[in-house]
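As a basis for the values below, the full set of heavy atoms in this structure was taken, side chains included, without hydrogen atoms, waters or symmetry mates. A, B, ... follow the sequence lines: proteins, then strands. Residue 1 opens every chain.
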2 protein chains.
Amino acid sequence: MDAWLAYLTASHLLERRIEEQLKADSGLTHSQYEILTRLSSAPGQRMRMTELARLVVVSKSGLTYQVGQLEKIGLVERVSCPSDERGVMAVLTGEGLRCLEKTAPGHLAVVRAFLIDHFGPDELTSMTRIMRKVASAMGAAVPPSGTSVGPGEG
Amino acid sequence: MDAWLAYLTASHLLERRIEEQLKADSGLTHSQYEILTRLSSAPGQRMRMTELARLVVVSKSGLTYQVGQLEKIGLVERVSCPSDERGVMAVLTGEGLRCLEKTAPGHLAVVRAFLIDHFGPDELTSMTRIMRKVASAMGAAVPPSGTSVGPGEG
DNA sequence: TACGGTTTGTTCAAATTTGAACCAGCCGCT
DNA sequence: AGCGGCTGGTTCAAATTTGAACAAACCGTA
C-alpha cells in the first residue's frame with residue numbers, strides 16, 4: 001500500500017501548508033475558506049445550511065460554528081429561508097466576496113505549486129475523473145449503523 | 001480548478017469513511033491507527049517521538065496527546081531513550097500489534113474499495129509517483145514565518 | 001570544565017470538530 | 001383540521017489539535 005501511504009502523507013502535508021498560508025494571508029481557516037468559496041459560486045451567493053454542510057463535508061454543528069465565526073467578522077450573513085420557516089440561508093456579504101477575491105490568488109498559488117504542477121496534463125485529467133468517481137461513490141451511500149466495508153449501494 | 005475541488009471533496013469524504021469504520025471496528029482514531037502502523041514497521045517496533053510526529057504529520061503536542069491515549073489503553077508504551085536522556089521512544093506493545101493485525105484488514109478494505117479500486121494499474125503507479133513527489137516537495141522546506149508560496153529549498 | 005545555542009518532549013490555554021439531544025416547522029395520511 | 005414521522009439548525013459536553021512557553025539535556029567551542 002505504497003500508494004496509500006504516499007497519498008496520505010502528501011495530503012496531510014498539503015493541508016498543513018494550505019492552513020498555514022491561509023491563516024497568514026487572511027486569518028481564515030481552510031474550512032472557512034471553503035465555505036466562502038461554495039457560497040460565492042452559489043446562485044445569489046447564498047445556500048441552505050444543510051446543503052452547504054453536505055458540499056463542504058462537515059457536520060451540521062461544525063457548520064453552525066463556522067458560519068457563526070464568519071458572521072462575527074462580517075463575511076457571511078444569516079437570513080431565514082422564505083420557503084421554509086425553520087430554514088436558514090448563509091449569504092456571502094460584499095465584504096466576504098472582497099475577502100475571497102483578495103485571498104484566492106495566494107491560495108490557488110499554493111495549491112498549484114504543491115499539488116497541481118506535479119501532474120502532467122493527461123495525469124491531471126485522469127486524477128480529476130478518478131476523484132470524481134471516488135467522491136460520487138461515497139456521496140450517496142451512507143449506511144446508518146455502519147461497520148460495513150463494502151459500498152452500501154454502489 | 002475542477003481537479004482541486006474533486007480532490008478535496010473526495011479526500012474529505014474518504015477521511016470521514018475511514019474514521020467511521022475505524023471507530024466502529026476498533027475504537028481507534030485515524031491518527032492513532034497511523035501511529036500504530038508507523039511503529040509496527042519501525043525497527044524494534046519503536047520510534048522517537050519527534051521522528052514519529054514528522055512521519056505521521058502531526059504536531060509534537062498532538063503526538064504527545066495521542067501516545068498518551070494509546071498508552072492508557074495499553075497499545076503503546078513509553079520508554080526513555082538510551083542514547084539521549086531527554087528522548088522518549090514510543091514502543092508498540094504486543095497488544096498493540098494484535099490490535100493492529102485485527103484492525104488492518106477492515107481498514108485496508110475501505111481504502112481499497114473507496115479509493116484504490118477506482119484507479120487503473122497505470123493510473124495507480126502514476127498517482128503514487130506523483131504523490132511521492134508532492135510529499136517530498138513539502139517534507140523538507142518549512143519556512144518559519146511563511147506566507148511564502150514557492151518551495152524553500154526544493 | 002563551563003557556556004550559548006539547539007533540540008526534545010510536555011504542559012497549557014484556546015480553537016475547532018463531532019455526535020447526541022433537542023425544539024420547531026414541514027409533509028403525508030386520515 | 002389533526003396526528004405521526006422526518007428534516008433543519010442549534011446547543012451542549014467531550015475529544016482532538018495546535019502553537020507558545022517551558023525545563024531538561026545535548027553539542028560545539030573556548
Side-chain angles (χ1 to χ4, degrees), chain A residues 12-13 15-24 27-35 46-73 76-91 142-146, chain B residues 12-13 15-24 27-35 46-73 76-91 142-146:
Chain A
H12 280 170
L13 286 169
E15 181 62 28
R16 172 180 281 190
R17 277 298 171 101
I18 288 174
E19 207 75 52
E20 171 187 327
Q21 181 272 334
L22 231 33
K23 186 87 66 182
L28 291 175
T29 299
H30 193 193
S31 311
Q32 295 175 341
Y33 180 85
E34 287 190 78
I35 291 172
R46 70 195 54 210
M47 202 179 292
R48 288 288 293 269
M49 293 294 279
T50 298
E51 174 72 353
L52 187 51
R54 195 178 60 77
L55 289 181
V56 178
V57 188
V58 74
S59 66
K60 286 187 299 174
S61 44
L63 183 63
T64 295
Y65 176 76
Q66 285 299 2
V67 166
Q69 296 302 105
L70 289 170
E71 199 174 22
K72 223 186 289 184
I73 55 180
V76 160
E77 209 173 343
R78 271 179 167 96
V79 302
S80 55
C81 179
S83 65
D84 188 338
E85 188 53 42
R86 63 216 157 126
V88 171
M89 307 205 72
V91 189
V142 181
S145 61
Chain B
H12 281 169
L13 286 169
E15 182 61 28
R16 171 180 284 192
R17 278 297 172 100
I18 287 173
E19 207 75 52
E20 170 188 326
Q21 182 271 333
L22 230 34
K23 187 87 67 182
L28 291 174
T29 299
H30 193 191
S31 309
Q32 295 174 340
Y33 181 85
E34 287 190 78
I35 291 171
R46 69 194 56 210
M47 203 179 289
R48 288 289 292 271
M49 293 294 279
T50 296
E51 173 71 353
L52 187 51
R54 194 179 59 76
L55 289 181
V56 178
V57 188
V58 74
S59 66
K60 285 186 299 173
S61 43
L63 184 64
T64 295
Y65 175 75
Q66 285 298 3
V67 166
Q69 296 301 104
L70 289 170
E71 198 175 22
K72 223 186 287 182
I73 54 179
V76 160
E77 208 172 346
R78 272 179 166 96
V79 302
S80 56
C81 179
S83 65
D84 188 340
E85 189 54 43
R86 64 214 157 128
V88 171
M89 307 205 72
V91 188
V142 182
S145 61

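Under the side chain to side chain contact (heavy atoms under 4.5 Å, CB included) rule, B/Val58 has a single partner from B/Leu63, B/Thr64, B/Ile35, which is B/Leu63.
When all heavy atoms of A/Arg16 and B/Val57 are compared, the pair lying nearest together is NH2-C, 3.7 Å.
The nearest whole Å value for the distance from the CE atom in B/Met89 to the C1' atom in C/dG9 is 14 Å.
At a non-hydrogen distance threshold of 4.0 Å, A/Met49, A/Thr50, A/Lys60, A/Ser61, A/Thr64 from residues 49-64 of chain A come into contact with DNA chain D.
With sequence neighbours left out, the salt bridge (charged side-chain N to carboxylate O under 4.0 Å, His left out) criterion links B/Arg46 to no other residue. Taking A/Arg86 as the reference, A/Asp84 meet the side chain to side chain contact (heavy atoms under 4.5 Å, CB included) condition, with sequence neighbours excluded. Under the rule for a side-chain hydrogen bond (donor to acceptor under 3.5 Å, both in side chains), A/Glu77 has no partner lying at least two apart in sequence or in another chain. Take A/Thr29 and apply the side chain to side chain contact (heavy atoms under 4.5 Å, CB included) test, not counting sequence neighbours, and it matches A/Glu19, A/Lys23, A/Ser31, A/Gln32. When the side chain to side chain contact (heavy atoms under 4.5 Å, CB included) test is applied to B/Val88, the partners found at least two apart in sequence or on another chain are B/Met49, B/Arg78. Residues satisfying the side-chain hydrogen bond (donor to acceptor under 3.5 Å, both in side chains) test with B/Glu34, not counting sequence neighbours, are none.
As judged by a 4.0 angstrom heavy-atom cut-off over every strand, B/Arg16 is placed among residues making no nucleic acid contact.
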Just the table, please: protein N/O against nucleotides 2-6 of chain C N/O, every pair under 3.5 Å.
none

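In terms of position along DNA chain D, the nucleotide closest to A/Val88 lies nearer the 5' end than the nucleotide closest to the other residue of the pair A/Val88 and B/Ser31. Nearest-nucleotide mapping onto DNA chain C: of A/Lys23 and A/Asp84, the residue sitting toward the 5' end is A/Lys23.
Protein chain B contacts DNA chain D over a range whose 5' and 3' limits, counting nucleotides with an atom under 4.0 angstrom from a non-hydrogen atom, are D/dA15 to D/dC26.
Pairs passing the salt bridge (charged side-chain N to carboxylate O under 4.0 Å, His left out) check and including a residue from residues 52-61 of chain B, sequence neighbours excluded, read B/Glu51-B/Arg54.
No side-chain heavy atom of A/Glu15 sits less than 4.5 Å from a side-chain heavy atom of A/His12.
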